[in-house]
Trainee: 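Quick one: this structure, given as structure tokens, is what I'll be asking you about.
What you see is a predicted model; the values in this text were computed from it and never measured. Atoms within a ligand are numbered from 1 in the order they appear, just like the ligands themselves.
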Amino acid sequence: MGTLSRRADIGVGVKSRDMFTTRLGVIFATLGSAVGLGNIWKFPFLTGQNGGAAFVVVYILSTLVVGLPVMIAEQTIGRAARADAVGTLKKLAPNSAWWLVNLLGILSAFFIMAFYTEVAGWVFAYIFKAAGGSILSSDPAVTSAAFTSLVTSPVQSLIWQWVALALVGAIIMLGVSKGIERVTKTLMPVLFGILVIVCIRSVTLPGASEGLTFLVKPDFSKLTWSTVLTAMGLSFFKLSVGMGTMTTYGSYFHEDQNIPATATRVMLSDLLVSMLCGVAIFPAVFAFGFEPAAGPQLLFVTIPAVFSAMPLGRFLMPLFFVLAGIAATGAMLSLYEVPVAFLVGSCGWDRKKATLVTLIALALVGSTAALSSSTLADFKLFGMTMFDLFDYVTSALFLPIGGLFLCLFVGWRWGSAEIKKALSNGGKLDNQLVVTAFTGVVKVVTPALVLIVLLTGLGII
Ligand code: PHE
């Protein structure tokens, strides 16, 4: 069915909204948001830092009982209201303060973009460095020096961040169907293909099994409450929930999209990509005797050394950073779309102006993160550089808090009758069991778990 006739049968009031045009487009765009540096940078370094498989188990559990329900909840209200994140809550709960939840979300999108664009900038820089051979050394001291020279240069840091911002800004300007949908639909399959190639290389290295064991054999003695909070924060970050992204994207879904099924597919595919990234990285790290707990530098210091040490690594390394660049782009598009949709939907701006103003604001806020290893290295709040602060505050606080209140909103304020109507597409889907399970989980299980992990993880109880 063509775009026009699809839009026409959605009804009055939404005809002028740009939307995703096909079901597959919805999956790819949503998956494009979920899959990102979270899989390629954060998941491996956090798993490495937090003892391996035990962390993975907690992360998977949290994805199932926290991430997935919040994703379904967000997409559902977005589609029901057909508005931006703040507008959705204003529409569904007029004359109340619920919209503040998604205002916090817009702030989260900004803070995440601030450090995310910087890491994405490093990835783009590394595509060229890897192709040109300048980070080709199996000595971590050499790759570490290369990384340090990039991050400690204010000019290089800012320029690469601007490259990332300009790239996503240009795609956002093209719109939802012609920009976001088309780009993600083309790039996601490429990402998957590259990932599989790198995995095959990694697991066929002699000595690869130790890395696989690290990834799948849990040692729960290493777990603490703060690790559990980290794992939960990662599950929010990974599925792009707790901040209005999925509400915004949900508002572009077609009426007959089966939301629980779509969200489950996206969640499983995202988990698969994370595990494949683990399989691509850890066997190789162990095979060459490197340290899995290198932290945020794992991707930029250890990985180039690992690739340099392996046969064919010279060709696979640029490919791997292309993969990371693709993943980062899809995620940045969804982060960028949150404030843009808000400025267009709730403030009545045109898309071009909204995109440009957001670009400038992001460049300003982002520069404090970009300069965190150089000019602003000594500027610390709560003992953290701005880069670390943006990362910590969003994953450990803002996203869980946003997700918690969103569940409370959907479960208690919006209520069971609306949930049933929306999740069954007005009675067209025969999914009573799914609806009942979701309603119970979103009302009680998810909010209770998030609250307990949040309070204990922060040391409050
Ligand atoms: N899910 C993205 C990733 O894993 C990051 C993201 C977080 C995107 C929040 C949008 C919103 O890289």
Trainee: Is it true that Arg351 and Asp18 have a side-chain N and a carboxylate O under 4.0 angstrom from each other?
Mentor: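 Asp18 and Arg351: not salt-bridged.
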
Trainee: Which is it for Ser334 and ligand 1 at heavy atoms under 4.0 Å: side chain, backbone, both or neither?
Mentor: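 For Ser334, the contact with ligand 1 is made by the side chain alone.
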
Trainee: Would you say Ala34 and ligand 1 have an N/O pair spaced under 3.5 Å apart?
Mentor: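 In this structure, Ala34 places an N or O atom under 3.5 Å from an N or O of ligand 1.
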
Trainee: Are any of the N or O atoms of Leu37 closer than 3.5 Å to those of ligand 1?
Mentor: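 Min N/O separation from ligand 1 is below 3.5 Å for Leu37.
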
Trainee: Working note: Phe20 + Tyr249, criterion ring pair (Phe, Tyr, Trp, His ring centres under 6.0 Å); need CA distance, chi angles, decisive distance, verdict.
Mentor: CA-CA 9 Å; Phe20 295 135; Tyr249 271 25; 5.3 Å; yes

Trainee: Verify whether one side chain among Thr245 and Ser240 offers a donor that lies under 3.5 Å from an acceptor in the other.
Mentor: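 No, no side-chain donor-acceptor contact under 3.5 Å.
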
Trainee: Just one of Gln75, Glu181, Glu337 clears the side chain to side chain donor-acceptor pair (under 3.5 Å) bar with Tyr252, so which one?
Mentor: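 Running side chain to side chain donor-acceptor pair (under 3.5 Å) over Gln75, Glu181, Glu337 with Tyr252 returns exactly one hit, Glu337.
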
Trainee: Looking at CD1 of Ile197 and OG of Ser202, how far apart are the two atoms once the value is rounded to the nearest 0.5 Å?
Mentor: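 These two atoms lie 13.5 Å from each other.
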
Trainee: I'd like the name of whichever of Lys238, Met246, Glu337 reaches closest to atom 4 (O) of ligand 1 through any heavy atom.
Mentor: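 Shortest heavy-atom distance from atom 4 (O) of ligand 1: Lys238.
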
Trainee: Using a strict 4.0 Å cut-off to heavy atoms of Tyr116, name the atoms of ligand 1 that fall inside it.
Mentor: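 Answer, ordered by atom number: 2 (C), 3 (C), 5 (C), 12 (O).
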
Trainee: Using a 4.0 Å cut-off to any heavy atom of Gly38, which atoms of ligand 1 qualify?
Mentor: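 Every atom of ligand 1 under 4.0 Å from some heavy atom of Gly38: 3 (C), 4 (O), 12 (O).
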
Trainee: What residues form a side chain to side chain contact (heavy atoms under 4.5 Å, CB included) with Met173, not counting sequence neighbours?
Mentor: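 In terms of side chain to side chain contact (heavy atoms under 4.5 Å, CB included), with neighbours along the sequence ignored, Met173 is linked to Lys352, Thr355, Leu356.
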
Trainee: Does any N or O of ligand 1 fall below 3.5 Å from an N or O anywhere on Ser33, backbone included?
Mentor: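 Between Ser33 and ligand 1, an N or O pair is found under 3.5 Å apart.
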
Trainee: If the plane angle is over 60° it's perpendicular, under 30° parallel, otherwise tilted; pick one for Trp122 and Phe147.
Mentor: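 Rings of Trp122 and Phe147: perpendicular, over 60°.
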
Trainee: Distance only, no hydrogens: is a donor on one side chain within 3.5 Å (strictly under) of an acceptor on the other, for Asp84 and Thr248?
Mentor: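 No, Thr248 and Asp84 have no side-chain donor paired with an acceptor closer than 3.5 Å.
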
Trainee: Would you mind checking which non-hydrogen protein atom is closest to atom 8 (C) of ligand 1, with the distance to 0.1 Å?
Mentor: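 Residue, atom and distance for the closest contact: Ser240 OG, 3.3 Å.
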
Trainee: Evaluate Phe237 for polar contact with ligand 1, using N/O atom pairs at a separation under 3.5 Å.
Mentor: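 N/O-N/O distance under 3.5 Å: yes.
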
Trainee: Have a look at ligand 1 and work out which part of Met243, if any, has a heavy atom under 4.0 Å from it: side chain, backbone, both or neither.
Mentor: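 For Met243, the contact with ligand 1 is made by the side chain alone.
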
Trainee: Within the 4.0 Å heavy-atom shell around Gly36, which atoms of ligand 1 are there?
Mentor: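 Answer, ordered by atom number: 3 (C), 4 (O), 12 (O).
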
